[in-house]
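In what follows, a structure is listed as structure tokens, so that the remarks can point back to it.
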Amino acid sequence: MKLPAVSKTKTGYSTDSYALEQIRAFHPVVDMILEHRFIAKMLSTYINVIPDLVDDSSRLHCKFDLRSTATGRFASHEPNLQNIPMKNPRSREIRKAFRAPDGKRILSADYSQIELRLAAHLSGDETFLQAFRKGEDIHSRTASELFAGDSDTIGITQRNLAKTVNFGVLYGMSPFKLSKDLNIGLAEAKNFIESYFGRFSKIKNWQEKLVDKALIEGEVRTFTGRRRLIRGLDSRNFNEREKAKRKVFNTPVQGGAADIIKIAMIKVDQALENLPVSLVLQIHDELLFEVEEKEVEKTSEIVKNAMENAVELDVPLTVSVSWGESWFETH
DNA sequence: TGTTACAGCGCG
DNA sequence: AAAGCGCGCTGTAACA
Ligand SMILES: Nc1ccn([C@H]2C[C@H](O)[C@@H](COP(=O)(O)OP(=O)(O)OP(=O)(O)O)O2)c(=O)n1
Ligand SMILES: [Mg+2]
Ligand SMILES: [Mg+2]
């Protein structure tokens, strides 16, 4: 349609939502395509599919693959119940369909800033460690810094963007992508990254040491000894080499967080032995339970305690618990 | 009818 | 998307 080209893929012009956002002012069809894409995604992935998978007892069972991921996380499939809509208020409505039976509640327990805490622990960065000892919420803090000026408009959407920024920068995001994500200039994005690693000054050095070690050993490990083989660190291709480096310093953190919740699952299971509670889902750093309504408060305490004390780090682990009649009410 | 590559997008 | 990482699912196009 001769609209401006935002970027290219290997087969043509890119039409992903970022590209369309950039050209929406040039033609009314662009917004219509975005809306169509959104509805099509919801229908084809969730709304038209999931009801047919519910069994005779109104239960929906996914499968969990415990040994397919590179980092030690679980993977869920048929259907994937680890990617049910959450971030967009319109699509989040889907969670109202995931209900506890009469007399029971859905209870969710999610680690706070889990990979940031683990990164603080593993790197030993004093500023980072102190922030968590003081009970700071770094995602919220980043949100306020990003939206300095309009402090009333900082809600969950802004915190989610800040979350992407915090993990993006930690795991090697380029100033280019950061500037696009935040709609800011390249220079400002560079500044943000510099001040991030300036503030948490031991992080960079810790990451470099991990890469040096991985180059020698050909692998990287989480704190439990879980190993991931890393290829490409000695590649002559810059992109391939840099990609391998990012895997090296992501894996101990993402994989370590996976180790933590696995330990927590064992402890939770033991602690709940005599209560009418079933663990129904794991979503990377979150556990979802079905609980007799009467026992919700007691379960909340036990679960929170077991998860927060799964392992002992140089920072506290904090877990947010919430519950309701459906999955929508949690968080 | 089934497989693969691709682009795209949902979640953590 | 041009240096965030980790997943699974979808529709389309091309091909067997
Ligand atoms: N864009 C994202 C979102 C999440 N994660 C990883 C790091 C998070 O620590 C972990 C769990 O995701 P959460 O959404 O639970 O985020 P946090 O635990 O960091 O924050 P919260 O306090 O909101 O739970 O998944 C990531 O790498 N990139
Ligand atoms: Mg969390
Ligand atoms: Mg979570």
Side-chain angles (χ1 to χ4, degrees), chain A residues 5-22 33-34 36-50 53 62-66 68-88 90-92 94-95 108 110-111 113-116 119 139 160 163-181 186 189-190 193 196 207 220 222 228 230 232 237-258 261 281-288 327 331:
Chain A
V6 177
S7 52
K8 285 179 161 183
T9 67
K10 68 172 70 167
T11 53
Y13 292 125
S14 164
T15 71
D16 67 13
S17 57
Y18 174 78
L20 295 185
E21 293 283 351
Q22 300 311 301
I33 293 170
L34 281 167
H36 186 279
R37 286 260 185 89
F38 171 73
I39 293 168
K41 178 79 174 179
M42 292 303 122
L43 285 173
S44 68
T45 310
Y46 306 103
I47 298 168
N48 287 342
V49 178
I50 291 185
L53 298 169
C62 68
K63 293 173 170 151
F64 282 109
D65 202 322
L66 276 61
S68 67
T69 66
T71 56
R73 277 186 173 189
F74 288 179
S76 162
H77 63 115
E78 283 182 90
N80 184 355
L81 291 182
Q82 290 180 321
N83 75 343
I84 301 300
M86 173 69 176
K87 298 170 184 174
N88 179 314
R90 286 170 71 198
S91 45
R92 197 187 160 153
I94 289 177
R95 294 189 170 219
S108 156
D110 187 304
Y111 281 107
Q113 312 169 72
I114 182 64
E115 289 183 26
L116 289 186
H139 295 323
N160 273 333
K163 198 184 277 189
T164 302
V165 168
N166 281 333
F167 292 121
V169 173
L170 178 64
Y171 298 133
M173 187 184 278
S174 65
F176 177 84
K177 184 169 193 292
L178 186 65
S179 73
K180 300 299 174 195
D181 279 4
L186 197 60
K190 273 187 183 141
I193 292 169
Y196 186 103
Q207 292 178 334
V220 63
T222 69
R228 178 181 183 182
I230 303 287
N237 180 307
F238 176 85
N239 286 333
E240 199 177 315
R241 206 166 56 238
E242 292 298 313
K243 193 161 193 64
K245 285 189 193 174
R246 294 192 298 275
K247 289 177 182 175
V248 166
F249 49 75
N250 171 267
T251 298
V253 190
Q254 184 185 125
I261 197 164
L281 261 187
Q282 188 255 42
I283 312 162
H284 308 303
D285 77 328
E286 174 185 6
L287 298 178
L288 218 66
W327 200 358
H331 291 272

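- Checked against the 6.0 Å centroid threshold, A/Tyr111 and A/His284 do not count as a close aromatic pair.
- Across C/dA2, B/dC11, B/dC9, the shortest atom-to-atom separation from the side chain of A/Met86 is found for B/dC11.
- Here B/dG12 is the nucleotide among B/dG10, B/dG12, B/dG8 with the atom lying nearest to any side-chain atom of A/Asp285.
- Residue-level contact check: A/Ser17 touches the backbone only, with heavy atoms under 4.0 Å from sugar-phosphate atoms and none from bases.
- Regarding contacts with the backbone of C/dG8, every side-chain N or O of A/Asn83 stays at 4.0 angstrom or more from both OP1 and OP2.
- With hydrogens and angles disregarded, no donor-acceptor distance shorter than 3.5 Å links the side chain of A/Arg73 to the backbone of A/Gln254.
- Nucleic acid contact for A/Ile84: sugar-phosphate only, since backbone atoms but no base atoms lie under 4.0 Å from a heavy atom of the residue.
- Nearest nucleotide to the A/Lys247 side chain, out of C/dA3, C/dC9, C/dG6: C/dG6.
- Distance from the side chain of A/Asp110 is smallest to B/dG12 among B/dG12, C/dA3, C/dC7.
- Counting any heavy atom pair closer than 4.0 Å across all strands shown, A/Gln254 reaches a base atom.
- The local environment of OH in A/Tyr18 is crowded, with over 12 non-hydrogen atoms from other residues, nucleotides or ligands closer than 6.0 Å.
- Between A/Glu115 atom CD and C/dG4 atom P the separation is 17 Å, expressed in whole Å.
- The side chain of A/Asn80 lies closest to C/dC9, out of C/dA1, C/dC9, C/dA3.
- Considering only side-chain N and O atoms, A/Arg228 lies under 4.0 angstrom from the phosphate OP1 or OP2 of C/dG6.
- If you check every strand for non-hydrogen atoms under 4.0 Å, A/Asn48 touches nothing.
- The residue A/Ser76 sits close only to the backbone: its heavy atoms come under 4.0 Å of sugar-phosphate atoms, none of a base.
- Among the protein residues, A/Lys243 comes within range of the sugar-phosphate backbone only, with heavy atoms under 4.0 Å from sugar or phosphate atoms but none that close to a base.
- Nearest-nucleotide mapping onto DNA chain C: of A/Phe74 and A/Tyr18, the residue sitting toward the 5' end is A/Tyr18.
- Distance from the side chain of A/Asp16 is smallest to B/dC9 among B/dG10, C/dA3, B/dC9.
- Residue contacts shown for A/Glu286 are absent, as no nucleic acid heavy atom lies under 4.0 Å away.
- In this model, the phosphate group of C/dG6 is not approached by any side-chain N or O of A/Thr251 to a distance below 4.0 Å at OP1 or OP2.
- To the nearest angstrom, P of C/dA3 lies 12 Å from CE of A/Met173.
- Looking at heavy atoms from C-beta onward, A/Ser91 lies in side-chain contact with A/Phe38 at the 4.5 angstrom threshold.
- Note on A/Arg73: every side-chain N or O is 4.0 Å or more away from OP1 and OP2 of C/dC7.
- Set against C/dG4, B/dG12, C/dA3, the side chain of A/Asn250 has C/dG4 as its closest nucleotide.
- For the pair A/Glu78 (side chain) and A/Lys63 (backbone), a donor-acceptor distance under 3.5 Å is absent.
- In this entry the distance linking CD1 of A/Ile39 with C1' of C/dT10 reads 16 Å, nearest Å.
- Pairing of C/dC5, defined by two Watson-Crick or G-U wobble distances under 3.5 Å, is identified with B/dG12.
- Two residues are said to be in side-chain contact when any heavy atoms from C-beta on lie closer than 4.5 Å; A/Leu281 and A/Phe64 meet this criterion.
- Residue A/Lys245 places none of its side-chain N or O atoms closer than 4.0 Å to OP1 or OP2 of C/dA3.
- In this structure, the nucleotide among C/dC5, C/dG8, C/dT10 sitting nearest to the side chain of A/Ser44 is C/dT10.
- In terms of phosphate contacts, A/Thr9 brings a side-chain nitrogen or oxygen within less than 4.0 Å of OP1 or OP2 of B/dA7.
- Formation of a donor-acceptor pair under 3.5 Å by the A/Tyr171 side chain with backbone atoms of A/Arg246 is not found in this model.
- The residue among A/Ala75 and A/Asn239 whose nearest nucleotide of DNA chain C lies closer to the 5′ end is A/Asn239.
- For the P atoms, the distance linking B/dC6 with C/dA1 amounts to 13 Å, nearest Å.
- Using a 4.0 Å heavy-atom criterion, one finds that A/Arg241 contacts no nucleic acid atom at all.
- Look at A/Ser68 and you won't find any side-chain N or O under 4.0 angstrom from OP1 or OP2 of C/dC7.
- When the P atom is compared between C/dG4 and B/dA5, the two are found 24 Å apart, to the nearest whole Å.
- Applying the 6.0 Å contact sphere to NE2 of A/His331 captures more than 12 heavy atoms from other residues, nucleotides or ligands.
- The distance from atom CZ of A/Phe38 to atom C1' of C/dT10 is 15 Å, rounded to the nearest whole Å.
- Counting any heavy atom pair closer than 4.0 Å across all strands shown, A/Tyr46 reaches sugar-phosphate atoms only and no base atom.
- Rounding to whole angstrom units, CZ of residue A/Arg246 and C1' of C/dA2 are separated by 11 Å.
- Residue A/Val49 is classed as a sugar-phosphate contact, given heavy-atom separations below 4.0 Å to backbone atoms only.
- Regarding A/Lys10, its NZ atom lies at a distance of 11 Å from the P atom of C/dA1, rounded to whole Å.
- Here the P atom of nucleotide B/dG8 and the OH atom of A/Tyr13 are 14 Å apart, to the nearest Å.
- If you take CZ of A/Phe64 and C1' of C/dG8, they are 13 Å apart, rounded to a whole angstrom.
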